[in-house]
Amino acid sequence: MQQWVNWSGSLSFSPGHYWEPQHEDELCGIVRRTCAAGKKIRLAAAGHSSSPLVQTPDTLIHLRHFKKLLKYDVQQQTATFQSGISVHEANAALQAVGLALFNTGDVDVQTLAGAIATGTHGSGRTLQNMASVLCAARVVNSCGDVSVYSDDLHPDILRALRVSLGTLGFFTEITVRVMPLFKLRRHELFTDTDVCLEHFDQLSAENRNVDFYWYPRSDESKVRILNEPGQGAQSFAFQHHCVKKEEGWVGEILPRKRDLKFDEMEYALPAANGLACFQAVRERIKKRHRKDVAWRVLVRNIAKDDNYISPHHGRDSISISLHHNAGLPFEQFFNDVEPIFIEYGGRPHWAKIHSLTARQLRPLYAEWNAFHRVRKALDPDDFFINDYLRKLLFTDGAR
Amino acid sequence: MAHVNHTAGRKVWAFAAGHIPLTSTGKEPVFTSHDKIAVLNAGTADASIRITIYYENEYPVQDHEIGVSAQRVRKIRFNDLINPLPIPLGTPYAFVLRSNVEVVVQFSRADTGFRDAAGFCVTPFFQTDHE
């Protein structure tokens, strides 16, 4: 029996059946047979998630053969991919034809469809999360039938499909918005954390991509600033030590390579609360966790969107990510900091570690019921819901 | 620019009394309590260094990898090492450092945990002449 293990090694399970369909018809057949047998089915992607979104005792699918750039339209600025392609592969394919995704997360190893389905994001005050690129999709439903949804004809379904955690069906093709290929110039500056906080708002307003890493063991911060060449701030008035300056195509400069594995908790705060929340987290870590926690904390900006259960729905956000070396016990650390995130109005990243259930999550999302209306219409028998998703999404009145 | 071509030091170093202080007093990072090594590579080849950390009651953690360019010195705070694992603060440890070329390693500790008793110490090193 094949064992599935996530990227960090913190999650593993053995599904009853594992399939890697070669094409859409084969996937439809697998879904149809699994449904007919009364079993559940989940779709694994890159495994970068720290939460058991894909865990199942029944059937697990992987679309590793679905990796093509199918078509692109330079005038419309769209591109259609098979849904198993990674963000890295998508950007490489786009770069070859003079196009690019507008942004990536800190890493680009996730599938693009997975990044869309979980609200993965980079940083930028005017940049939404990666789900925002989705403008159409081919989706296999629980009957094994394929439907095509587009922003033009099905705006409400798209608002549910973006950040849907694989609960509305399986993407086989995704059409995304792209841009003409562009370059970015990266600056990385080490500075005092209080100085960083003092200037973060201005830096975020003046530059395209801005985030910072706070280092618990030294209490200093590394600010990362990216702009298209010739744009944004060309110099920085505050005291700092520049450790990196480089320039290149967006897909090569924006994402980072992370070989060291980690477990992660992330919350999205209302932008107005973000830095105050970070200060509280900083003090808590220094006071209680610095003995064992050395990994940096990441703080990023994300622009609001209108996708129903996006963690950035309806409000500009600041996200704060905790990291801990994979293999080390993270529970005490994460569990101790999580109440701070909640106190400041945070929403957890769906694909990362958190303790909230549907009862606590529902009040955080004004369009919770709207999401469930679409979900129920597309999956009336909860075929795509595993035990973890049931805990996340179902309260008595929300099914 | 003239290069001074001589080596100094050894390829294997060990230090048994590691203990990164848990607390610090004063503005950080300047006054962060820390254990640190200064690695001098006076030779003409880059140094590839692997450090193994030993504990009283845990298995060793191997292969913290660092590099020191030829004819350069580099300072590394043990507080900051996370790959493959961080060293817990306030915990006794020891290390063995192995380099592919001869280097000089000096260990220092800054303890600012008690403002009135802040201290700094460093290990001596005596280079013997060799050609």
Side-chain angles (χ1 to χ4, degrees), chain A residues 7-10 189-198 212-223 239-241 243 256-264 279 282-298 321-330 332-334, chain B residues 18-37 48 50-53 55-67 69 72 74-93 95 108-113 115 118 120:
Chain A
W7 172 78
S8 72
S10 64
L189 318 172
F190 260 101
T191 189
D192 178 270
T193 297
D194 293 329
V195 170
C196 167
L197 294 174
E198 185 184 332
F212 71 89
Y213 275 120
W214 172 68
Y215 292 80
R217 291 273 180 98
S218 61
D219 201 23
E220 57 188 340
S221 290
K222 180 167 72 176
V223 185
Q239 190 171 2
H240 66 273
H241 168 56
V243 295
R256 301 287 85 186
K257 195 170 182 316
R258 304 273 177 234
D259 293 323
L260 185 59
K261 304 212 166 144
F262 53 85
D263 291 305
E264 187 174 5
Q279 284 281 44
R282 175 189 179 197
E283 291 311 310
R284 177 63 59 88
I285 291 175
K286 285 171 66 176
K287 185 176 176 184
R288 294 189 190 172
H289 300 287
R290 199 147 75 154
K291 176 179 186 293
D292 296 306
V293 173
W295 206 300
R296 51 199 182 231
V297 174
L298 177 58
S321 304
L322 310 178
H323 306 88
H324 205 36
N325 290 70
L328 292 180
F330 56 78
Q332 187 177 15
F333 171 34
F334 288 179
Chain B
H19 191 284
I20 308 169
L22 179 58
T23 57
S24 303
T25 303
K27 183 72 175 164
E28 298 191 63
V30 175
F31 291 103
T32 305
S33 293
H34 61 263
D35 281 359
K36 182 191 293 184
I37 52 174
S48 294
R50 291 173 184 270
I51 301 174
T52 299
I53 307 294
Y55 296 101
E56 289 180 326
N57 298 307
E58 303 285 342
Y59 288 109
V61 175
Q62 290 184 300
D63 294 345
H64 288 272
E65 296 181 6
I66 59 175
S69 300
R72 295 289 187 272
R74 183 176 173 187
K75 297 191 176 182
I76 297 112
R77 294 203 318 183
F78 280 88
N79 309 34
D80 300 333
L81 297 177
I82 65 168
N83 189 359
L85 289 173
I87 300 171
L89 305 185
T91 302
Y93 73 96
F95 72 84
S108 63
R109 171 174 300 142
D111 187 346
T112 68
R115 186 189 298 276
F120 184 85

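Note that this is a predicted model, so its numbers are computed, not measured. Sequence lines set the chain letters: A, B, ... in the order given, protein chains first and strands last, and positions in each chain run from 1.
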Heavy-atom cut-off 4.5 Å, strictly under: side chain, backbone, both or neither for K286(A) against chain B? side chain

Can you tell me how far apart CD1 (I82(B)) and OH (Y215(A)) are? Round to the nearest 0.5 Å. 8.0 Å

Non-hydrogen atoms of chain A under 4.5 Å away: do they reach the side chain of T91(B), the backbone, both or neither? side chain

Backbone N or O of N83(B) within a donor-acceptor pair of the N325(A) side chain at under 3.5 Å? no

Taking NZ, NE, NH1 and NH2 as the nitrogens, is one of them in R290(A) or E28(B) under 4.0 Å from a carboxylate oxygen of the other? yes

Please tell me if the side chains of P86(B) and D292(A) come closer than 4.5 Å, counting only heavy atoms from C-beta onward. no

Could you tell me whether E198(A) atom CD has more than 12 heavy atoms of other residues or ligands within 6.0 Å of it? yes

Determine whether more than 12 heavy atoms belonging to other residues, nucleotides or ligands lie under 6.0 Å from atom CZ of R258(A). yes

For the pair H34(B) and S218(A), evaluate side chain to side chain contact (heavy atoms under 4.5 Å, CB included) and give the outcome as yes or no after the intermediate values. CA-CA 9 Å; H34(B) 61 263; S218(A) 61; over 6 Å; no

Just so I understand: if I count every heavy-atom pair under 4.5 Å between each of V293(A), D194(A), L260(A) and chain B, which residue has the most? L260(A)

In terms of side-chain geometry, is the basic nitrogen of D219(A) or K27(B) positioned less than 4.0 Å from the acidic oxygen of its partner? no

Heavy-atom count around F190(A) CZ within 6.0 Å, excluding the residue itself: above 12? yes

Checking heavy atoms, do the side chain of D259(A), its backbone, both or neither come under 4.5 Å from chain B? neither

So does E283(A) have more than 12 non-hydrogen atoms from other groups sitting under 6.0 Å from CD? yes

Do the side chain of R217(A) and the main chain of N79(B) share a donor and acceptor less than 3.5 angstrom apart? yes

Given side chain to side chain contact (heavy atoms under 4.5 Å, CB included), test K291(A) with L22(B) step by step and report yes or no. CA-CA 6 Å; K291(A) 176 179 186 293; L22(B) 179 58; 3.8 Å; yes

